[in-house]
Every structure is written in C-alpha cells, then in structure tokens.
Amino acid sequence: MAEPTERSGGLSGCPGTGRCWWRLAVLLLSASSLPAVTALVEGLYCGTEVCYDVLGVTREAPKAEIARAYRQLARRYHPDRFRPGEPGSEGETQETAHKKFLLIATAYETLKDEDTRRDYDYMLDHPEEYYQHYYAYYRRQLTPKVDVRVVILVTICAISIFQYYSWHSSYNEAINYLVTVPKYRIQATEIAKQQGLLNRTKEKGKNRRSKEEIREQEEEVIRDIIKNKIDIKGGYQKPNLSDILLCQIVLFPYYLTNYVAWYISWVYRFTICREDYGDQEKLYIIRRYMKMSQSQFDSLEENTKQTFLEKQLWIKENYESNTITNCPGRWN
C-alpha cells in the first residue's frame, strides 16, 4: 500500500498551484478596484474641485491674496462682463462661464472665513471622516448669519413698542368710558368749576360760539381732568414706560435687589423680632390670600379694605372662616 506523499510549501494545500495564483490575482484586482478614500465630495464646498486650485492659490495663501485672486477671476467670468473669445477665455461659453463663476464664488466664500477654511483644511487632511465633514458643513450652512443677540434685542424692542401702543389705546378707550361714569364725571365737573374752567362768559359778535362747540369744549375739559387729576386705579391706570418688556428686563436687577432686601427685612421684623403687622403689611397678606395683583387690589374701594382689616382677614383662620368670592364688594 503506498504511503501518502508529504506536503510541503505554502501552496501545497491547493489542488493546483496555478489555481491558487489565479485566486490571489482576482483578490488583488478586486481590492484595487475599491474606491479610494477622497475628501472631495460632491455637494460639500467646491465639490470635486479643490477650492485653492479654483482660485489658483496655495493652502498657505493669506486672506489678501485670496481676495485678490477672487476679484480677478470674478471680473473675468462674471455673467455681465464675460465675452466669449476674449484672451484667456477660449472655448468658454456663457453657460460654462456662469458655472465657473458660481464655483469661484463658492471657493471664495469657503476660504475667506477663518472657521470655514479651518473646517475645509481639516476635510482635506482627514478625508476618511465623512460624517464629521457633512456635520461641520451643514451646521455652518444652517446657522443664522445674523448675531443672535441682535435678533433678540430687535424682537424685544418690537414687542415693547407694540405693548406700549396697545396699552395706550386701551387706556384712551377706558378714559372715554369713564367720562360717562357718574362717579368720575361728577368729580371732574366739581374740579373744573373750582378752577373756573366751566364758567361760561357771554360772547358777542364773531367770537360767539354755538352751543355745540361749548358742549364739546366742556366734554374735553372733563376728559382732561379725569385723565390727569383724578386718581384712577386698577385696570384704568395710565400706561407707564417702566412697565414695558424692555424696561422690565433692564430694571430686573434693581427689582430683584429690592425684593431680596424687602424679603430679608420682612423675615427679620416679623419672623425673628416678632413685630406686629402694620396696616400695609396686613393688607399685603390679605391680597396674597385673595390671589389678586397689586393693580386689582388697588382698584378696590377704601371702605372694602377697611372691612378686611376690621374682620382681621390677615389671620388665616379668619380668612378661611369667611366666604371670600371674586366679588370683593360683598365685604362693603
């Protein structure tokens, strides 16, 4: 019986040496046909062109040289200036010149900004980081070109202007309504008579006014007195510039400092030193229980507030034992 022959050599495991060499050749050919890693990707920056080559500058070129090269090329290929057949433009058409001009503009936009140029150089040096390059490119493309702080400031100013004029319009409507309210009209009429604003003098000749004109003047006098001399509280208060959003933001540190100082004083006086509450402090506690704003609480009648004090509603047990509704007039 014949003994098995000894195997030797790296290719002895193959049925035939020629077949193994053939497989190795196919493998090497397949590997060589794989796409090489390249940083030039269509859709990013200058696409498959190198931005430096488009402008004809080196990677070490300063910004001044890049700008000079851009201006020269832009003058040559600008759609309004390009003339087919000119020296240096042989073989170029209006369409190809326009495409080249767009490529030149893209190259300049890429290289003139330090941050964009740094990202582009990094892409050229690290072509394998595809996702990083896409992220860096589109992050800069989608980032607003205007300073966000300017946008915020303009928005706040616009809101503040609208706020003020809206309040002023509402205030004028409220004054027109209060002129018809007997309470304010009587007060204004008395003040006008005391100041001699409603004394009718006899007028003769051309200066004589009609009854309608006199009535209109009296109405204007009453309106001005209600507007300027009668203490109007609550929702009818005159709009103040310090109440608009812009002023509120600017004065916020001041308001915060005052509030902190007031709170520390409150804790020290009434929690630590156990002082008795004054009328203002009592009314403040009552207002907090009633969940009313300062302007809403100020609009209440003085006798209503006095009723609150007489019933000692700053004491929580007394407040809870009384039925307080949204109609404070029940306490009159």
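The model shown is predicted, which means the values in this text are computed figures rather than measured ones.
Dense packing is recorded around CG of D115, with more than 12 heavy atoms of other residues, nucleotides or ligands lying under 6.0 Å away. The number of heavy-atom neighbours closer than 6.0 Å to CZ of R139, taken from other residues, nucleotides and ligands shown, is above 12.
I159 and L153 are members of different hydrophobic clusters when ILVMFWY side chains are connected at heavy-atom separations under 4.5 Å. Residue L251 is not grouped with residue I249 when hydrophobic side chains (ILVMFWY) are merged at heavy-atom distances under 4.5 angstrom, including chains of intermediate members. A continuous path of hydrophobic side-chain contacts links Y263 to I285 [ILVMFWY only; heavy atoms under 4.5 Å]. A continuous path of hydrophobic side-chain contacts links Y259 to V267 [ILVMFWY only; heavy atoms under 4.5 Å]. Cluster membership check: V179 does not share its hydrophobic cluster with I186, using side-chain heavy-atom separations under 4.5 Å among Ile, Leu, Val, Met, Phe, Trp and Tyr.
Of the inter-residue distances, the one linking Y165 atom OH with I244 atom CD1 reads 10.5 Å to the nearest 0.5 angstrom. Here N303 contributes atom CG and E310 contributes atom CD; the two are 9.5 Å apart, rounded to the nearest 0.5 Å. With values rounded to the nearest 0.5 angstrom, Y277 atom OH is found 7.0 Å from F270 atom CZ. To the nearest 0.5 Å, atoms OG (S321) and CG (N318) are separated by 5.0 Å. Here CD of E220 is found 5.0 Å from CG of D224. Values are rounded to the nearest 0.5 Å. Rounding to the nearest 0.5 Å gives a distance of 12.0 Å between OG1 of T155 and CG of L246.
Between the side chain of N176 and the backbone N or O of N172, at least one donor-acceptor pair lies under 3.5 Å. Within the 3.5 Å criterion, the main-chain N or O of H126 finds a donor-acceptor partner in the side chain of H133. No donor-acceptor pair under 3.5 Å is formed between the side chain of E65 and the backbone N or O of V57. Checked by atom type and distance alone, the side chain of T110 pairs as donor or acceptor with a backbone atom of T106 at under 3.5 Å.
Nearest approach of I66 to A61, heavy atoms of both residues: CD1-O, 3.8 Å. Scanning all heavy atoms of the two residues, the minimum distance from Y45 to C51 falls at CB-SG, 4.3 Å. The heavy-atom pair separating Q163 from D243 by the smallest distance is OE1-O, 4.4 Å. Contact record, L111 with R117: O-CD, 3.6 Å, taken as the closest heavy-atom pair. When all heavy atoms are compared, the tightest approach of P79 to H98 is CG-ND1, 3.5 Å. Considering every non-hydrogen atom in both Y137 and L44, the closest pair reads CD2-CD2, 3.4 Å.
Between Y254 and N258, the closest side-chain pair of non-hydrogen atoms falls below 4.5 Å. The shortest side-chain heavy-atom distance between Y289 and L313 does not fall under the 4.5 Å cut-off. At a threshold of 4.5 Å between non-hydrogen side-chain atoms, the residues K305 and L309 do not count as touching. Residues D125 and R59 have side chains in contact (heavy-atom distance under 4.5 Å, counting atoms from C-beta outward).
Salt bridge K183/E301: present, at least one basic N to carboxylate O contact under 4.0 Å. Using a cut-off of 4.0 Å between Lys/Arg side-chain N and Asp/Glu carboxylate O, E114 and R118 are scored as not salt-bridged. E219 has a carboxylate O that lies under 4.0 Å from a charged side-chain N of R185, or vice versa, which qualifies the two as a salt bridge.
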Evaluate side chain to side chain contact (heavy atoms under 4.5 Å, CB included) for F308 paired with F297, printing each intermediate quantity in order.
CA-CA 12 Å; F308 294 161; F297 196 78; 4.2 Å; yes

Set out, in order, the CA-CA distance, both residues' side-chain angles and the distance that settles side-chain hydrogen bond (donor to acceptor under 3.5 Å, both in side chains) for Y319 and Q312, then state yes or no.
CA-CA 8 Å; Y319 177 81; Q312 298 184 351; over 6 Å; no

Could you walk me through whether D113 and Y120 pass the side-chain hydrogen bond (donor to acceptor under 3.5 Å, both in side chains) test, one step at a time?
CA-CA 10 Å; D113 182 74; Y120 183 70; over 6 Å; no

Can you check ring pair (Phe, Tyr, Trp, His ring centres under 6.0 Å) on W262 and Y255, steps first, answer last?
CA-CA 10 Å; W262 171 84; Y255 292 143; over 10 Å; no

Take F101 and Y77, measure what ring pair (Phe, Tyr, Trp, His ring centres under 6.0 Å) needs, and give me the verdict at the end.
CA-CA 5 Å; F101 175 76; Y77 291 101; 8.6 Å; no

Pair Y52-L124, side chain to side chain contact (heavy atoms under 4.5 Å, CB included): steps then yes or no
CA-CA 11 Å; Y52 293 100; L124 295 178; 4.2 Å; yes

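If you check the side chains of Y135 and D119, you find no donor sitting under 3.5 Å from an acceptor. Side chains of T93 and T96: a donor-acceptor N/O pair is present below 3.5 angstrom, by distance only. The closest side-chain donor-acceptor pair between Y122 and E129 falls under 3.5 angstrom.
Under the 30°/60° scheme for interplanar angles, the aromatic rings of H168 and Y164 are found to be tilted.
With Y284 as the partner, the side-chain hydrogen bond (donor to acceptor under 3.5 Å, both in side chains) test is satisfied by one option alone out of E281, Q280, R288, R287: R288.
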